[in-house]
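Let me begin by presenting the structure, written as structure tokens, before commenting on it.
Just so you know, these numbers use all the heavy atoms, side chains as well, and skip hydrogens, waters and symmetry mates.
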Amino acid sequence: MTNLPRSKTAVVIRHVLFEDLGYFAPVLTAAGYDIRYVDLDQTPFSAIDPEQPDLLIVLGGPIGVYEGDVYPYLLEERRILAARLAANRPTFGICLGAQQIAATLGATVAPMGHKEIGFGALTLTDAGRRGPLRHLDGIPVLHWHGDAFQIPAGAENLATTALCATQGFAIGRNVLGLQFHPEVEVDHGIERWLTGHAAELSGAGIDPRALRAQAQAIPSDAHLAGQRMFEEWLSQIG
């Protein structure tokens with residue numbers, strides 16, 4: 001009897017439905033992963049075995065890591081991350097997810113005092129140019145945050161922007177945290193973001209029409225750079 005390869009599992013913690021895997025979903029599927037979303041109010045985080053999934057992904061959300069008293073699931077999430085990171089299991093975070101990883105590792109996460117919302121290119125560090133983020137060099141990516149993480153001890157800072165000096169970090173091959181959003185499906189998914197975060201945009205004095213125009217100006221193949229970045233990172237974890 002031929003032994004078929006075991007399918008890999010990717011457990012994805014999703015805080016709000018429209019902040020999903022986007023462009024990264026087909027990359028995971030092509031790499032042989034079965035994707036399982038864990039959504040708030042549907043599957044309790046306590047049901048997640050921190051070390052079992054081949055890959056754990058924590059997506060973004062419109063709250064801060066320091067609001068655990070208001071949103072207790074943030075503390076449960078960090079409990080899962082602590083066990084996962086201690087075991088050096090592959091872990092990937094975007095925006096809030098990256099901030100949660102940083103906080104779990106003892107780094108400070110705090111409001112910047114301003115918003116960074118819109119499309120813009122990254123400035124890669126030397127470490128960023130040596131790794132998967134090199135695919136994003138010169139590519140406009142979506143930024144949408146008001147908090148920022150410090151780089152955890154033992155991690156490498158991968159990229160900066162004028163408004164935020166810490167845009168990504170890596171620890172070895174198995175841990176990657178990104179402050180920005182290369183996963184967002186700009187060609188049609190941006191409307192969900194403009195609507196879902198309408199209150200934040202209004203409070204920041206940002207016109208959704210300006211963001212929509214930025215999204216429409218992004219080259220149609222720009223998302224391929226983000227997919228190549230994620231594909232390369234997946235290829236090196238284990």
Side-chain angles (χ1 to χ4, degrees), residues 7-15 18-38 53-61 81 84-85 88-102 119-125 127-145 149 155-161 166-190 192-193 215 218-238:
S7 62
K8 295 175 285 188
T9 58
V11 169
V12 183
I13 295 178
R14 178 168 55 182
H15 303 101
F18 64 86
E19 293 201 33
D20 57 18
L21 285 169
Y23 290 132
F24 288 170
V27 178
L28 281 168
T29 300
Y33 286 87
D34 291 329
I35 299 170
R36 179 168 71 88
Y37 281 107
V38 177
D54 296 286
L55 173 62
L56 178 67
I57 298 175
V58 185
L59 296 173
L81 284 169
R84 180 121 188 135
L85 295 168
N88 193 31
R89 296 287 284 146
T91 307
F92 179 61
I94 298 176
C95 200
L96 175 60
Q99 294 166 5
Q100 282 280 75
I101 294 172
F119 291 86
L122 303 164
T123 298
L124 299 181
T125 65
R129 285 188 289 270
R130 290 194 301 267
L133 261 68
R134 70 178 185 278
H135 295 289
L136 296 174
D137 192 15
I139 302 296
V141 295
L142 179 61
H143 304 273
W144 202 304
H145 66 115
F149 50 72
E156 293 184 296
N157 189 11
L158 303 177
T160 70
T161 60
T166 54
Q167 288 285 349
F169 63 86
I171 301 176
R173 294 179 176 270
N174 279 352
V175 179
L176 180 63
L178 304 179
Q179 183 59 73
F180 54 97
H181 290 273
E183 83 286 2
V184 176
E185 295 172 306
V186 174
D187 49 356
H188 61 275
I190 194 64
R192 292 179 293 169
W193 281 66
I218 299 299
S220 60
D221 61 350
H223 69 281
L224 297 177
Q227 290 182 319
R228 286 192 290 268
M229 179 275 298
F230 190 49
E231 182 179 35
E232 181 175 327
W233 184 75
L234 288 177
S235 72
Q236 71 181 21
I237 63 176

Q) Under the ring pair (Phe, Tyr, Trp, His ring centres under 6.0 Å) test, which residues partner Phe149, sequence neighbours left out? A) Phe169
Q. Do Thr9 side-chain atoms and Asp34 backbone N/O form a donor-acceptor pair below 3.5 Å?
A. no
Q. With no hydrogens and no angle check, is any side-chain donor or acceptor of Arg14 less than 3.5 Å from a backbone partner on Leu59?
A. no
(Q) The criterion is side-chain hydrogen bond (donor to acceptor under 3.5 Å, both in side chains); which residues satisfy it with Asn88, sequence neighbours excluded? (A) none
(Q) Any side-chain to backbone donor/acceptor pair from Arg84 onto Pro90? Under 3.5 Å, distance only. (A) yes
For residues 128-137, run the donor-acceptor check on the side chains, cut-off 3.5 Å, and write out each pair with its distance to 0.1 Å, sequence neighbours left out.
residue: Arg129; atom: NH1; partner: Leu124; partner atom: O; Å: 2.6
residue: Arg129; atom: NH2; partner: Asp126; partner atom: OD1; Å: 2.4
residue: Arg130; atom: NH2; partner: Glu156; partner atom: OE2; Å: 3.3
residue: Arg134; atom: NH1; partner: Gly131; partner atom: O; Å: 3.2
residue: Arg134; atom: NH1; partner: Glu232; partner atom: OE1; Å: 3.3
residue: Arg134; atom: NH1; partner: Glu232; partner atom: OE2; Å: 2.7
residue: Arg134; atom: NH2; partner: Glu232; partner atom: OE1; Å: 3.0
residue: His135; atom: NE2; partner: Glu232; partner atom: OE1; Å: 2.7

Q: Side-chain contact test, heavy atoms from C-beta onward, threshold under 4.5 Å: evaluate it for Tyr33 versus Val27 and give yes or no.
A: no
Q) If you look at every heavy atom in Asp54 and Ser7, which pair is closest and at what distance? A) OD2-O, 4.3 Å
Q: Decide if atom CZ of Arg89 counts as having more than 12 heavy atoms of other residues, nucleotides or ligands within a radius under 6.0 Å.
A: yes
Q. Which pair of non-hydrogen atoms, one from Gly138 and one from Ala121, has the smallest distance, and what is that distance?
A. C-CB, 4.1 Å
Q.
So, taking the atom named CG in Leu122 and the one named OG1 in Thr160, what distance separates them when rounded to the nearest 0.5 Å?
A. 8.0 Å
Q | Between CG on residue Leu224 and CE on residue Met229, distance to nearest 0.5 Å | A | 12.5 Å
Q: Over 60° means perpendicular and under 30° means parallel, so classify the ring planes of His145 and His143, tilted if in between.
A: tilted
Q) Among pairs that include at least one residue of residues 177-188, which meet salt bridge (Lys or Arg N to Asp or Glu O under 4.0 Å), considering only residues two or more places apart or in two chains? A) Glu185-Arg192
Q) Partners of His223 by ring pair (Phe, Tyr, Trp, His ring centres under 6.0 Å), sequence neighbours excluded? A) Tyr23
Q. Pro182 and Phe24: which non-hydrogen atoms are nearest, and at how many Å?
A. CG-CZ, 3.6 Å
Q: Determine yes or no for a side-chain-to-main-chain donor-acceptor pair under 3.5 angstrom, with Lys8 supplying the side chain and Leu55 the backbone.
A: no
Q) Partners of Ile190 by side-chain contact (heavy atoms from CB on, under 4.5 Å), sequence neighbours excluded? A) Phe119, Leu142, Trp193, Leu194, Ala215
**Q.** Over all atoms of both residues, closest heavy-atom pair of Gly93 and Ile101
**A.** N-CD1, 3.7 Å
(Q) Tell me if a side-chain donor or acceptor on Thr123 pairs with a main-chain N or O of Thr161 at a distance below 3.5 Å. (A) no
Q: Find the distance between CG (Leu234) and CG (Leu28) and round it off to the nearest 0.5 Å.
A: 5.5 Å
Q: Please report the closest heavy-atom contact between Gln227 and Pro26, naming both atoms and the distance.
A: NE2-CG, 3.8 Å
Q. At what distance, to the nearest 0.5 angstrom, does CG of Leu176 lie from CG of Leu158?
A. 6.5 Å
Q) What distance do Gln99 atom CD and Thr166 atom OG1 have between them, rounded to the nearest 0.5 Å? A) 9.0 Å
Q.
Let me confirm one number: the OG1-CG distance from Thr91 to Leu85, rounded to the nearest 0.5 Å.
A. 5.0 Å
Q | Asn174 side-chain N/O to Gly238 backbone N/O, donor-acceptor pair under 3.5 Å | A | yes
